Each structure stands twice: as structure tokens, then as C-alpha cells.
Amino acid sequence: MTNSNNDSVDAKQPPKKTVVSNFIRQLISRDNASAKYGGRVHTRFPPEPNGYLHIGHAKSICLNFSIAAENNGFCNLRFDDTNPEKESQEYVDAIKENINWLGFSWQGDVRYSSSYFDALYAFIIQLIGKDKAYVCSLSPEQAREYRGSLTDSGRNSPSRDATIAENLILLERMRAGEFENGAYSVRAKIDMASPNINMRDPVLYRIRHIEHHQTANKWCIYPTYDYTHCISDAIEGITHSLCTMEFEDHRPLYNWILENLEISSLRAESGLPDSEYVLPGQTEFAKLKLNYTMMGKRNLKNMVDTHAVSGWDDPRMPTLAGMRRRGVTPAALRNFCESVGVSRSESVVDLGMLEYCIREDLDKNAWRAMCVLRPLKVVISNFSADYLIKLLMSNHPKDESQGKREVPLTHEVYIDRADFEEMPPPGFKRLTLGGEVRLRGAYVIRCDEVIKNDQGEIIELVCTADLDTLGKKPEGRKVKGVVHWVSASLGKSVTVRLYDRLFNVENPESKDVEDYRDVLNPNSLEIIDNCVVEPSVLTRDAKLNFQFEREGYFYLDSKDSKDPKDPAPTDLYFNRTISLRDSWSS
RNA sequence: UGGGGUGUCGCCAAGUGGUAAGGCACAAGGUUUUGAUCCUUGCAUGCGUUGGUUCGAAUCCAGCCACCCCAGCCA
């Protein structure tokens, strides 16, 4: 997790060129045609630093950065850090790194809502001065009562009729730290009878005597999301403020706040010339949901805190940090985000689509190698004990430009236990007693003898190689099976981690599930020691993604392992990103 | 039962009044020294539903049904 350039697949590789129409692209085309924003397109990705980014965020990141790039515009990274209680610098750092890893660069410096706190304070004075906001003495509990319900309108706060002067004094006293948390709040003066509950005098500022990760102890009052987000967008000269559907009800408030402020003062903060300045507009799209996946930040944090997983970067997590350690590439994620599309309908994407994108990219770019997960010794009887040839094999079967590697073949090799059967099922294409199979990239061998231990377990196979089959088909017969193998004496011992989905139900966050712990997949992680990998994988530096032929895609993990460039590594870990597609059901 | 949304193939998703794109999944063939990849073919007389307007409707109108979001001083 230290070097973002260390991944074997280029993070800057452009996404697929198949640009699909969607309602946001159409909206922007219309805005450009009408010159609503003078042709400017300026978006932003506004995470709250209260957790790690997950694949749902990736959709938003790709959308915001791509839509800006397509239109020669810009995209800002802005931390929406108005709630210091839940936020931390650790999350800020991780988020920045994840976005770079995904392959995007934000415009200018990283922004923070907290760096607008002075401006936000000046604007609240302006709003109070226009009798559009007031200081409310209701406690949070009372405020809830006064707000009414979904079907009943609310009642006015007793503080609603205070004079502007009184409000201004109370505001200053709030800021000075004279009151306890919750004693007062600043509220917009809109309409307590509005059918939209967000418009029933929403809270704009609250008292929180707590240190902030960016502004330390400068403030004890903090602006709320609704008040901060629209103004931050306006200050940054954002044109298209994209967010998810649950904020649709907030759009009237977003607009109300900006429209009740002097546009000239907003413009002044933006630094944009008058001719280019237009208020931003919010547009909502459906968030990404994936089946068999839990996306709620609160739940993900709980899994980390309770050690249900090893951390935010556990390879089973849907976090960007986790998927990275799993071996998922940035290009695969970007292609996935593009291929799921953008719409306003609630949708749950099938995990299979993500898996397809991962395989698609890895098949094209991952170097091939052989690794035997469950070794079974094969003695090739017509090779001498000191037999050694170095076979040259392609790093990629369909792309010679990716080069070749040396694979040593010796008297004894390992194949996978699953590739030999004494009693083969119908259709079995692997090795049987008396049968033949091709050692991938090497000779065809025939099994002559099965050696068992006292328990009757197969411990060794004695085989004969057909010396006339190197690089050519055997004479007069067909050998269908191909099996991967590794030299017994020259192979390297490694540990492999196999991952499966974390949950065994499609929707672990559905109302039918009382506790996600009840639906955890107990077999989501399988660790296999003493796997044997061909030596070349340890010498090909900078490459971390491999396809172990016939097994799947694996990622050399830097965690819990020695430096991969160590000339004599002893503890090597390969995480299985994903298996190969398997159309042979057994 | 207030307000705001959404309903097009098992899953995403184009379509914006002229007669249902594409991808995933699935199925059947072909190639193959990875049971992978790749290639070929198939896969909605139908667009939540019922009516209406129209020469013509997934697209326009009306009603109905289903599902999602909102009563944090969270975002």
C-alpha cells in the first residue's frame, strides 16, 4: 500500500471507448449547447472522510472525473468535512491515495469544506440579516417534536420571531463558545408546513465542542451538510453537482440557500469573473448496488472494528483498498463503472458483471505462470536424476510482445492432486493410470504406476515422458488433457489465499437480515500453505498480477510477506483475485 | 393515508411518436498445448397495468399497481 506505481497494470490506461448515452451526458450536452455555464463543465467528488472508499464511490468518482474530462472541464476533490465527530486524517489520506490509484487527478489542490468555514460564517450573518435564518433555542428533542411528521405539518419555533439584532448577538455568542452542545442551533426560516420535511426550517449550524482534524479548535460551531454543500459548490465554481438519489429531496433547499444569498458575494468568493459565474445545479443519479455485497459505511466500519475482516484493506472487502490487495486493477474497475451505466432507477448489479470486467482486463494483461496449489509428486522415470532443461514459455499466449520466461523441467515435478484420478468420472480430461496428459509447455507423459502410503493415499506417480512431443503433437493419437506443473526441486514454496464472497445471501443489508453476521460466508477465506510456484514469478519485478494457468488470477501481496524482490524470499503470499471461468461442472 | 422518485429480457441499460441497441448471464456450435481466451449463433410480436389520443405509442394523456427515499443539531 505504499507505492501506487507498483501495480502491474497501468493505472492511466484509458477506459473503453464505448461511450454510452446517459441522462447526465445529455444534460451536459444541452447545457453546453445553450451555453448555460458558458460552456464550462466543472464537477467535484465530495467524500466525507469518515471511512474508506468502496466500489460505490468508484462509480461516482468515475462519473465526475470522466464527465469533466470528456468536456474539457475539471473535477475537484473536496472533503466534505463538516462533522468532526466521525472524521479523521487517516481517512483523508486513504481517500486521496485511492483516487490516484483509480487513475484520476483532481484539479488544483485538495479542497476542504472546512477551509470555507470563515466564508460560511459570513454568509450565515448575511442570511440572518435578511431575516432568512434565526437562532433557535429548541433542544434536538423539542425540534423533532416541532417538526411534525410525514403527514402532519410542523409548528413554528418560539425563537422564530426574535429580531435580527437578537439573532446576531446569539450567533456571536454561539461562536464564542458560551453555550453547551445542543443548546442552540441556527435554522433557515422557510416553512414549517412544507410537505418536504427538509424545508421545515432546517438546521444550518450546530454547537459541537470538539476538535476538527483540519481546523483544530478554531470553531465550536459547525455548519451542516445542507448549508455547506451548496455554498462550497458555488465557491468552487462548480457547474454540475452530481449526487445520489437520496438527496433529491434536498435540492429545493440547495437552491433556496443559494438563491437567498447575494449572488455577488458568492461570486466574489469564487474568484470567477462575473460573465462566467452561474449558480451550480444539483443532479441526482442512482447509487451503485452489488448483490452479495454490503456497501453501508457504517456496517463496513463495524466489520473492521469487530475484526470480522482483517481491516479496511482486507481483500474480501468491497473497498478500493481491499480490491487493490485482492489484485483488481484500476482499469477493470473503470470499465466496470462505465459498463453499468448511469440512470435514476434503483438497480442491483450482478457480481458477475464485475467479475467479467476483472477477468477481461487480467486476461489481456496478466503474465502467465504455473503454480500447483495441492502438490502431487510425479517422477518421470525416463529422465535422469540430474535432468534439467530450461523451457522458454510465453508470458502471454496471444501477445508475443509481452516476452518469454524460462521454466525449468526436472526429473521430479508436481502436478495438482485434482489432475489425477484412479477412477475418472465421464469426460475427465486429465491424468489417469495408463493414460496420457500434456505437461503444459512440455512433454506428454503417461502414468505407469501409482504409489500409495499405508493409509492408501496416493503419494506419488511414476510416469514416462514421450520424448517426441516437445512442441509437437504426439504421433498417431490425440492427447486432450493439458496439466500445469512445477519442478519439484526448483519450484518455490508459497502460501496462497483463496477468497470467496463474504456473504451467502444476495442482499446482506435487506430488512430480512437482522444481523449481517448471520449471513457471513464461513468459507470466504481459505489459506493453502506449501503451494509450489515456478521460480520466474519471483524475478519479474514490477509484475504483481499473474494468471496461474488453469487456476485463476493471483496477486503478489506485499502484506504479511517479505519484500518481493528479496533474492531468497521465504514467506510469499499470493491472493487469488478471481478464478478462471469454468464451464466444466464437476 | 404528506412529499419526492422509479418501473424496457434473469441482471445492468439504450430508446425522447415511425414499428424494441448493447453488455453481463445463459444455451448451442467452432478453434485451442490453459476444460481459459477467442469466434459464430440463439435469447423481449414485448416495454408494471388498464384505458385513451394517433394512420402509427416503450415514447403523449388519465387512472390503477408495485417498489425505493425523507420526520439526524449525519452525509
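Fair warning: this is a prediction, and the values are worked out from it, not measured in the lab. Lettering of chains follows the sequences in order, A, B, ..., and the numbering in each one begins at 1.
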Inset, instruction - Provide the distance between the two P atoms, one in rA13(B) and one in rC24(B), to the nearest whole Å. - result: 16 Å
Legend entry - Heavy-atom closest pair, residues Ile210(A) and Tyr222(A): O-OH, 2.8 Å
Inset, instruction - Check whether the aromatic ring of Tyr225(A) stacks on the base of rA75(B), taking stacking as ring centres less than 5.5 Å apart and planes within 30° of each other. - result: no
Inset, instruction - Would you mind telling me which residue lines up with the more 5' stretch of RNA chain B, Gly352(A) or Phe548(A), judged by nearest nucleotide? - result: Gly352(A)
Inset, instruction - Provide the distance between the two P atoms, one in rA21(B) and one in rC68(B), to the nearest whole Å. - result: 32 Å
Legend entry - Side-chain donor/acceptor of Asn196(A) to base of rG4(B), under 3.5 Å: no
Inset, instruction - Write down the partner of rG17(B) under the Watson-Crick or G-U wobble criteria, each distance required to be under 3.5 Å. - result: none
Legend entry - First encountered from the 5' end of RNA chain B, between Pro397(A) and Asp81(A): Pro397(A)
Legend entry - Option passing side chain to side chain contact (heavy atoms under 4.5 Å, CB included) with Cys243(A) (candidates Arg251(A), Gln282(A), Lys287(A)): Gln282(A)
Legend entry - Of the listed nucleotides rC73(B), rG2(B), rG35(B), the one nearest the side chain of Thr151(A): rG2(B)
Legend entry - Value in whole Å for how far the P atom of rC11(B) lies from NZ of Lys289(A): 15 Å
Inset, instruction - Kindly label the base of rG29(B) as syn or anti, based on whether its glycosidic torsion lies within 90° of 0. - result: anti
Inset, instruction - Rounded to whole angstrom, note down the C1' distance from rU8(B) over to rG22(B). - result: 14 Å
Inset, instruction - Using the P atom as the reference point in each nucleotide, state the distance between rC55(B) and rA14(B) in Å, no decimals. - result: 32 Å
Legend entry - Euclidean distance for C1', rC43(B) against rC26(B) (whole angstrom): 8 Å
Legend entry - Base paired to rA66(B) (Watson-Crick or G-U; both N/O distances under 3.5 angstrom): rU6(B)
Inset, instruction - Determine the interatomic distance between P on rA20(B) and the same-named atom on rC9(B); round to the nearest Å. - result: 16 Å
Legend entry - Under 4.0 angstrom between Lys480(A) side-chain N/O and rG35(B) OP1 or OP2: no
Legend entry - Euclidean distance for C1', rG3(B) against rC61(B) (whole angstrom): 23 Å
